[in-house]
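Start at 1 with the first residue, then count along the sequence. Counting convention: from 1, in listed order, for ligands and their atoms alike. As a basis for the values below, the full set of heavy atoms in this structure was taken, side chains included, without hydrogen atoms, waters or symmetry mates.
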Amino acid sequence: MDKIRIGIVGYGNIGRGVEQSIKRNADMELKAVFTRRDPASVKIQTEGAEVKHFDDMEAMKDDIDVMILCGGSATDLPVIGPKVAASFNTIDSFDTHAKIPEYFANVDKAAKEGKNVSIISVGWDPGMFSLNRLYAESILVQGSTYTFWGKGVSQGHSDAIRRIEGVKNGIQYTVPIEAAVDQVRSGSEPELTTRQKHLRECYVVAEEGADKAAIEEAIKTMPNYFDEYDTTVTFITEEELKANHSKMPHGGFVIRTGETGCEGNKHVIEYSLKLDSNPEFTGSVLVAYARAAHRLSQKGESGARSVFDIAPAMLSQMTPEELRAHML
Ligand code: NDP
């Protein structure tokens, strides 16, 4: 069987996570990594795969089945997403929740014009958490749903910090507030504000001479990312960052509690993730959805999709017959 030929666009944490996942999927092969930097400066870990400049992608139109877009959500994907969807099937992990409808519309237009399939906002949140919220709410139609993240590094928020003027490096931890988690698990269906559920802890390395007060203000007031949370900003050195904050664990849980029947029987649905490496896990989800995009494209479909539109069997290396025999 021919392998599914993958291109990675943007080689940061997620790009490297995708590369590792491809090595563990026997039906996939990495053909090329595309970067906006000088390709000679980007060292990858897959023998036989090429590193090319972003502008040289068109020439590989016949050599790649699916492009996995690994740029940041804040400023990369809104531009790169529609651009690449015009020429290739794409997968991305766009995670600016408030802008997903607008992003979907832009990618959908480009993908339809190019007759390609693009699955957007794939990962764990948005992604696997979104799917589990949908399943839980479709089953327990009366109840309340809660999502808690962390404690862990949010790459989207860290990426957003690093793009602020005067910031050399930085990392952000999302921390669930335990009292809120306990209340939810009790089934009491509390009403919790965004601020009551999580804290955001930021560790920032400033450039020499940078205005630290201005950086702190820019972080704390950033719309969609920090303005609705209690946020702490701690300035540290590059050495401290490397020594104490170089790992990228994450996790969290989706909980829905609700009632059924005339006696009000209570139910709790909980989906939880405990991830040693957020980028390697997110990369693994992206790769599974790349398989689905390839299959949909081969069927002649085109346009944008979200995880809600993809049948579970499309993700698996097994055939529908094998799945029915082994997993039902
Ligand atoms: P990075 O900052 O590591 O990478 C983003 C881009 O920056 C890369 O694609 C790369 O593009 C460029 N880059 C990377 N390293 C360097 C460098 N040393 N010098 C210059 N440029 C560099 O971001 P992540 O990979 O951690 O995250 C990407 C996005 O993934 C996040 O913004 C987030 O939105 C999303 N995400 C989504 C999740 C979900 O569950 N849906 C979960 C986790 C993340 P290039 O090669 O072109 O220079």
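Geometric assessment of Arg37 against the ring of Phe54 yields a negative cation-pi assignment under the 6.0 Å and 45° thresholds. Taking the ring axis of Phe94 as reference, the NZ or CZ atom of Lys99 does not stay both within 45° of it and closer than 6.0 Å to the ring centre.
For Ser144, the side chain to side chain donor-acceptor pair (under 3.5 Å) partners at least two apart in sequence or on another chain are Glu189. Among residues two or more places apart in sequence or in another chain, the ring-ring contact (aromatic ring centres under 6.0 Å, His included) test is passed with His250 by Trp124. Under the rule for a side chain to side chain donor-acceptor pair (under 3.5 Å), the partners of Lys220 that lie at least two apart in sequence or sit in another chain are Glu216.
The pair Glu50-Lys31 does not count as a salt bridge, with every side-chain nitrogen at least 4.0 angstrom from each carboxylate oxygen.
A distance limit of 4.0 angstrom between heavy atoms and ligand 1 selects the residues Gly10, Tyr11, Gly12, Asn13, Ile14, Thr35, Arg36, Arg37, Cys70, Gly71, Gly72, Ser73, Asp76, Ser93, Asp95, Val122, Gly123, Trp124, Asp125, Pro126, Gln155, Gly156, Asp159, Arg162, Asn278, Thr282.
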